[in-house]
Amino acid sequence: MAEISVLQNGDGLWAVTAQGLVVTGLTKEGAEAFAASFLRLGDQQPTPKS
């Protein structure tokens, strides 16, 4: 499972960080939703291409 962090910046906005990824300028709710979606995507198995 991917390691992901949700933190508040000094400007009062929220950020989501993971290895190779930084998303800033989010509300707290937006950051939590993004993190949850990111973790759900990480749990999915890749679909084989035919």
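For reference, positions follow the sequence shown, starting with 1.
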Residues Phe38, Leu21; criterion side chain to side chain contact (heavy atoms under 4.5 Å, CB included); working and verdict:
CA-CA 11 Å; Phe38 183 83; Leu21 174 72; 3.7 Å; yes
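- A distance of 14.0 Å separates NZ of Lys28 from CG of Leu13, quoted to the nearest 0.5 Å.
- Side chains of Leu39 and Phe34 form no contact here, defined as non-hydrogen atoms less than 4.5 Å apart.
- Between Val16 and the options Ile4, Leu7, Val22, a side chain to side chain contact (heavy atoms under 4.5 Å, CB included) holds for only Ile4.
- Using a 4.5 Å heavy-atom threshold, the side chains of Thr24 and Asn9 count as touching.
- Put simply, CD on Glu29 and CH2 on Trp14 are 9.0 Å apart, with the number rounded to the nearest 0.5 Å.
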